[in-house]
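First up is the structure itself, then whatever we jot down about it.
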Amino acid sequence: MLAAAVIALLVAMALTLVRAFVGPRLYNRLLAINVFGTKTVLFISVVGVLSGRPYIFDIALLYALVNFVSTIAVLRLTHLDELLPSSDEGTAR
Amino acid sequence: MSLSLLIDIASGALLLAGCLLVVSGAVGLLRLPDFYTRTHAGSLTDAAGATLLLLGLLLQADGWQSGVRLVLIMLFLLVTSPTAAHALAQAARRDGERLPAGDDEGRR
Amino acid sequence: MSLLVLMDVSLFTLLLATALAITRLRALYEATMLTALAGLLSASLFVVLDALDVAITEAAVGTGISTVLFIAALRLTRSREAVTPRRRLWSGGAVAVLLGATLLYAAQDLPPFAEPDTPVQTNPVTQTYLHESQEDIGVPNTVAAVLASYRGYDTLGELVVIFTAGVTVPLLLLRTRRRAERDEAHAGEEGAEGGTEPGTEHGTEHGREHSAEHGAEHGAEHGTEKGAEHRSARAVVMSEYRVLRVASKVLMPFILLFACYVLFHGDYGPGGGFQAGVIFAAGFVLYSLVFGIGEVERVLPWPVMLGLVPVGVLLYAGLGVANMALGGAFLDYDTLVPGHPEEGQHYGILIIETGVGITVAAVLIAVYYSFANRGARR
């Protein structure tokens, strides 16, 4: 059953990756990458149960905590520039 | 004996349901026509599928050390994943990502 | 076993596809996001290959901080790659093909995966590290024992490298008050001499993207403008991103707590001072992204931050000096608790990991500050 879960997650990762490659535009890629982060957390958790070592879950836990930092960074630094105004907004797309 | 069998069956069912949701979410992310429907497919199945999968794993985990970590992973995923999806959709709306598909490429 | 091979092969394929996709992208923000994705993939690969310390480092650095720094750097430059003329692609392509061929040729000499009698496995050093470290040092995680104790000098050198980065990047990027005043005076002179004021020109350029009122604000004097803009931006943030604010506020203590766990638990599980410092910095970066740098500066003022950069290095080197004063060699932790070398090793490793954590966290936050501040005051 766990092997099936691993395969399902790998398939889902590949499909999500295709969406991240074709886009179009920033937001579709961001969405795909966000979903991919969750898939990675699940994948690492399944590998952790498969190998029976609790420390593997630390890595999944770390991803669950910080995965959205990069998403938020892109949102804040490209989109909501009012907080950190920059003069070359026109080129920052 | 019967209890362990019961746990195995329950865990298998949860894992199966989680896998189904995860894969269908990925297919939806790939096949749906525009950003907002993709968000819908991606974020909802993400949270539900992750919870089901982690619950299934929790039943198979050996020892409290693994169990505690799995519960924590589940809690944090339930906070971060919908939050990121929500912020993403809101930013896309403010940035003028339009509903109909097709003309995205033209406005690059 | 075959499942392991399947995971390896498919993750490698996905990683390769991601790398190729990154080279095809011209929009650099999106390429940066795909780099984060490659980080996720390689961390999964490290987990499958059982290299947990590497995986946790990749997880912390790859998603937590390097993406943020890339994007902050892209804000200061152009975010679209220039198109290289086709005739200039040949030289680069030739070098890439040559290098790839050399690597493929060299890979023929590598032993098969998981072979038991490779030089790495049979070398006596491996046996020494794996078995005697348990008695010498008494730390379950051999990686921590090697990094912090056996090769303590190397780690000190690496920490000094990070410290140097933390000193130079703010020096290059940060605008001191004096420099900002000089620039203002300079701009004022130019405005008085020339017919068109650079300030208004600047304002209209900005107003094209934002509202007109925003542009007028930009044309105003630099000093007061920042405060007003900050306030208006705060109002926008308050009304728009409520869910994000609440979630970040809830998450922030857990990120910092997890950083402490990684720091103090590094002897037993994956992690250590470096990873803990990166996670700590990621927590602060998240907070400043959501609430603005001003809010973080209220908790952790800039002088304190810069002051913390050398503290870790001093703690590390100071421990070595203390060991010498106690009659041992430099960084010989056995001397810390006379009669109980194992306990001394434990304390020593804990102290230097703390030092590494402090310096890494302070350096990363300082680097992020200097990038973000540079953007804010341009």
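Heavy-atom basis, side chains included; hydrogens, waters and symmetry copies ignored. The sequence lines fix the lettering, A, B, ..., with proteins before strands; numbering per chain opens at 1.
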Which atom of A:Ala60 lies closest to which atom of B:Ile73, heavy atoms considered: CB-CD1, 3.6 Å

Contact part of A:Val41 toward chain B, heavy-atom cut-off under 4.5 Å: side chain, backbone, both or neither? side chain

With only heavy atoms counted, which part of B:Leu78 is less than 4.5 Å from chain A, the side chain, the backbone, both or neither? neither

Is any side-chain heavy atom of B:Ser81 closer than 4.5 Å to a side-chain heavy atom of A:Asn34? no

Nearest non-hydrogen partners of A:Leu2 and B:Gln60, listed with the distance: CD1-OE1, 3.4 Å

Say you draw a straight line from CG of A:Asn28 to CG of B:Leu29; how long is it, rounded to the nearest 0.5 Å? 8.0 Å

Could you tabulate the donor-acceptor pairs under 3.5 Å formed by side-chain atoms of residues 63-72 of chain A, not counting sequence neighbours?
| unit_1 | atom_1 | unit_2 | atom_2 | d |
| --- | --- | --- | --- | --- |
| A:Ser70 | OG | A:Asn67 | O | 3.4 |

If you tally heavy-atom pairs under 4.5 Å between each of B:Leu70, B:Leu75, B:Leu20 and chain A, the highest tally belongs to B:Leu70

Between the CG atom in A:Leu42 and the SG atom in B:Cys19, the distance rounded to the nearest 0.5 Å is 9.0 Å

Would you mind checking which part of A:Val49 comes under 4.5 Å of any heavy atom in chain B, side chain (CB onward), backbone (N, CA, C, O), both or neither? side chain

Taking side chain as everything from C-beta outward and backbone as N, CA, C, O, which of these in B:Val68 sits under 4.5 Å from a heavy atom of chain A? Side chain, backbone, both or neither. neither

Among the listed options A:Ile7, A:Leu30, A:Leu31, the residue most often paired with chain B at heavy-atom distances under 4.5 Å: A:Leu31

Are the side chains of A:Phe57 and B:Gln65 in contact, using a 4.5 Å heavy-atom criterion? no

Distance col, row B:Leu77:CG vs A:Ser45:OG, nearest 0.5 angstrom, shows 7.5 Å

Can you tell me how far the CG atom of A:Leu15 sits from the CZ atom of B:Arg31, to the nearest 0.5 Å? 11.0 Å

Select one option (side chain, backbone, both, neither) describing which atoms of B:Leu16 are under 4.5 Å from chain A's heavy atoms. both

Counting only non-hydrogen atoms closer than 4.5 Å, can you tell me which residues of residues 44-57 of chain B sit against chain A? B:Asp46, B:Ala50, B:Leu53, B:Leu54, B:Leu57

Search all heavy atoms of B:Phe35 against all heavy atoms of A:Tyr27 and return the closest pair with its distance. CE1-O, 3.3 Å

